[in-house]
Number of protein chains: 2
Amino acid sequence: MVTLKDVAREAGVSPKTVSRVVNDDPAVNAKTREAVAEIIQRMHYVPDHAARMMRMSHSSVVGVMTDAVATTPYSVDIIRGAQSGLWEQTRTMLIANTDGDPKQEHEYWQVFRAHKVAGAVYATTYHRPVDLGAPDFERGIVLANCYSARRSHSSVVPDDEGGGYTQARHLIELGHRRIGIVSLSPVLRATVLRGAGYRTAFAEGGLFYDPSLEVPGFVTRPDGGEDLVAYDAALGLLQRSDRPTAIICGNDQIAVQVYAAAAALGLSVPEDLSVMGFDDMTIITRTLKPMLTSVALPYFEIGRTAVDLLARINGESEGPIPPQVLVPCPLVERHSCRPI
Amino acid sequence: MVTLKDVAREAGVSPKTVSRVVNDDPAVNAKTREAVAEIIQRMHYVPDHAARMMRMSHSSVVGVMTDAVATTPYSVDIIRGAQSGLWEQTRTMLIANTDGDPKQEHEYWQVFRAHKVAGAVYATTYHRPVDLGAPDFERGIVLANCYSARRSHSSVVPDDEGGGYTQARHLIELGHRRIGIVSLSPVLRATVLRGAGYRTAFAEGGLFYDPSLEVPGFVTRPDGGEDLVAYDAALGLLQRSDRPTAIICGNDQIAVQVYAAAAALGLSVPEDLSVMGFDDMTIITRTLKPMLTSVALPYFEIGRTAVDLLARINGESEGPIPPQVLVPCPLVERHSCRPI
DNA sequence: GGGCGAGTTGACATCGGTGTCACAACCTGG
DNA sequence: CCAGGTTGTGACACCGATGTCAACTCGCCC
């Protein structure tokens, strides 16, 4: 381990001067600076983070706590987004996956405190309310993809209502007038919000919202798990005499089954049926034939926005500190919707 | 910030004694220990990581460097696996996503050095060779899902050959004798290895390996990207007069298109055609109807094994230090393969 | 020539823990 | 009752950086 002292001895100056060079303190003679910098290079000196942190009593590390990121694979993009923002803040990320276990969660808050992290991002797999309790943690906390029911922390969440609106609006603009919906589980907040979006778009387009055209694609089992029943749901919609010309899906997995149901009935996408996904999971949307038009969940942006907001909360950058930031869900056009 | 001294003053003992209690040093009187422990609790004292690290000159943090985890979403399970192993080692994880940019990579090695991380895991999205160059980093490095062409570091990789063997073997045991293969891009190491696995299983089962029954499901574009052409590849196989009764897929995305091709030809899975996936991406395998039988890429285990190996390399736990660990790819049976 | 300010540098204390070693208190057996 | 050992505790130095403040060297002006 090369230390300040080693460099100082080599350069024939005091440790403090080396420290000044490392920290771009202008009060160093240009010639000295140059000489020291050269030696730093040559000796591969890297300042010790621990010592620095101890002296300055705060860290350049931000803690990121997540529940199980596994179930919705693209939600890790929250982490990539956070990473990307932190990179620009010349910060790094200490990651903690709790698998939703409150005991682990509690322990990680301690770890964060021990590391004196500059702040924390608490990210969840699903857009949902959370209650952090009182995590005795002094620095700022931002919620990503979730929000505090008690409004105790700022949150960054996807604009599900806007996403729903976008889905419906796009189909209406293409001329569709009978639109079926195979939605997510009705208990999810996303379902409720998107439903509101559909209605707004329908109303704007002068369409009648027919509840019988909206069926859930997931059902909750007694054990709490979920079964994907979109295939049968879609069959039901497509076998009606007043068959819809387009189907809005609660997510891309539902779309897979809608495609299958259409194929089973001899209907082809998009000629006989337009299909609109949600989430934009590329392993699905780019794999289906034809490729699926979908509305993206902006996970990356959510992570990115969360760390920016965190910096503001910690007073390290300027800007407003809204209690909630909605991140838009953009339309990603591919080939599963056509004008009618 | 509550410090050792604060606790010591409150407890009427020396800081060193508090330190002993915190570190479970047996040389403390039971009564003293209890009293101090109580005060630690009450004051919410958490030892400062930086100070500890500085004194002991090594950290309880392990660096994890990844290229773009985004493209193959489940590869983040490497991270979850690492996290899980580290949790048991009471360690935490500093994560660095380089997006494959060598400049960022270099900088993160510096960051790792600055943090005096106990070691590093270098994980990639695809199973592939890597050349780390000379990352002037003194602690142990383990490669996860990749391997060093120069054999300079230990690596943990999926047993692709065994996985290929498992795919073929399962179908042969179900009685299939004509098996088609829609493979990944031929340039991938995984493709080569699995090919070897197929051949072994075929030979064991007394099957003739017919090269015309193996077609690529991905083609590389001039710009380096890849196009998924499994639909057409599968159509080709299924329209032959000697149509295969089963198709082995290079991954689950290929299987999606094989399903679609079968449906287009009026063939149903698994009655007319058995389909075997690879990767076990659950958002696909559990979404397809019928659910897809697949061979899992054991990402979680890879991450888990990598940190265990790292601990051995750093001399913190006992055990052999193999230059390469193969992690088996287990069969996950669902409903897309049937006996014939 | 003396004084003053700007520019440059270094001595020293300090951050919050832990290793080392000394020492006091208590026990044991002869 | 004392030598010799065990147990429990604290004083002190130190890890590697940086803030504070003093000191020293100039150049410049009165």
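- For B:Arg139, the salt bridge (Lys or Arg N to Asp or Glu O under 4.0 Å) criterion is met by no residue, not counting sequence neighbours.
- Comparing the end axes of the helix from C:dG1-D:dC30 to C:dG30-D:dC1, each fitted to five base pairs by superposing C1' atoms of four pairs onto the next four, gives an inter-axis angle of 60° (nearest 10 degrees).
- When the side-chain nitrogen and oxygen atoms of B:Ser14 are compared with OP1 and OP2 of D:dG10, one or more of them lie within a distance under 4.0 Å.
- Side-chain N/O atoms of A:Arg189 and A:Tyr147 include a donor and acceptor closer than 3.5 Å.
- For B:Asp48 and C:dT18, the CG to C1' distance is 13 Å, given to the nearest whole Å.
- Contact annotation for A:Val13: backbone-only contact, meaning every heavy-atom pair under 4.0 Å involves sugar-phosphate atoms and none involves a base.
- With respect to B:Lys5 and B:Glu10, no salt bridge is recorded, no charged nitrogen being found less than 4.0 Å from a carboxylate O.
- Each of D:dT18, C:dT9, C:dG17 was ranked by its minimum atom distance to the side chain of A:Thr17; first place goes to C:dT9.
- Computed from coordinates, the B:Arg9 CZ to D:dA11 P distance equals 14 Å when rounded to whole Å.
- Ion pair B:Glu38/B:Arg33 not flagged as a salt bridge, since none of the NZ, NE, NH1 or NH2 atoms sits closer than 4.0 Å to an Asp/Glu carboxylate oxygen.
- Looking at residues 28-42 of chain B, you'll see B:Val28, B:Asn29, B:Thr32 sit with a heavy atom under 4.0 Å from some atom of DNA chain D.
- Contact annotation: side chain of B:Arg52 to base of C:dT18, donor-acceptor pair absent below 3.5 Å.
- Going from atom NZ of A:Lys5 over to atom P of C:dA11 covers 12 Å, rounded to whole Å.
- One atom, NZ of B:Lys116, and another, C1' of D:dC15, lie 7 Å apart when rounded to the nearest Å.
- With no hydrogens or angles considered, a side-chain donor-acceptor pair links B:Thr125 and B:Asp67 at under 3.5 Å.
- Rounding to whole angstrom units, CZ of residue A:Arg55 and C1' of D:dA17 are separated by 8 Å.
- A donor atom on one side chain and an acceptor atom on the other are found under 3.5 Å apart for A:Arg304 and A:Ser84.
- Side-chain N/O atoms of B:Arg20 and base N/O atoms of D:dG10 include a donor-acceptor pair closer than 3.5 Å.
- Following rounding to the nearest Å, B:Met54 (CE) and C:dG19 (C1') show an atom-to-atom distance of 14 Å.
- Looking at heavy atoms from C-beta onward, B:Tyr299 lies out of side-chain contact with B:Val76 at the 4.5 angstrom threshold.
- Separating the CG atom of A:Asp25 from the P atom of D:dT20 is a distance of 12 Å, rounded to the nearest angstrom.
- You'll find the side chain of A:Tyr122 reaches within 4.5 Å of the side chain of A:Glu105, heavy atoms only.
- No more than 12 heavy-atom neighbours from other residues, nucleotides or ligands sit within 6.0 angstrom of CD on B:Glu34.
- For the OP1/OP2 pair of D:dT18 and a distance below 4.0 Å, the side-chain nitrogens and oxygens of A:Ser19 include at least one atom meeting the criterion.
- Counting non-hydrogen atoms of other residues, nucleotides and ligands closer than 6.0 Å to CZ of A:Arg42 gives a total above 12.
- Atom CG of A:Leu4 and atom C1' of C:dA11 are 15 Å apart (whole Å).
- Taking for each of B:Ala50 and B:Lys16 the nucleotide of DNA chain C with the nearest heavy atom, the 5'-most of the two is the partner of B:Ala50.
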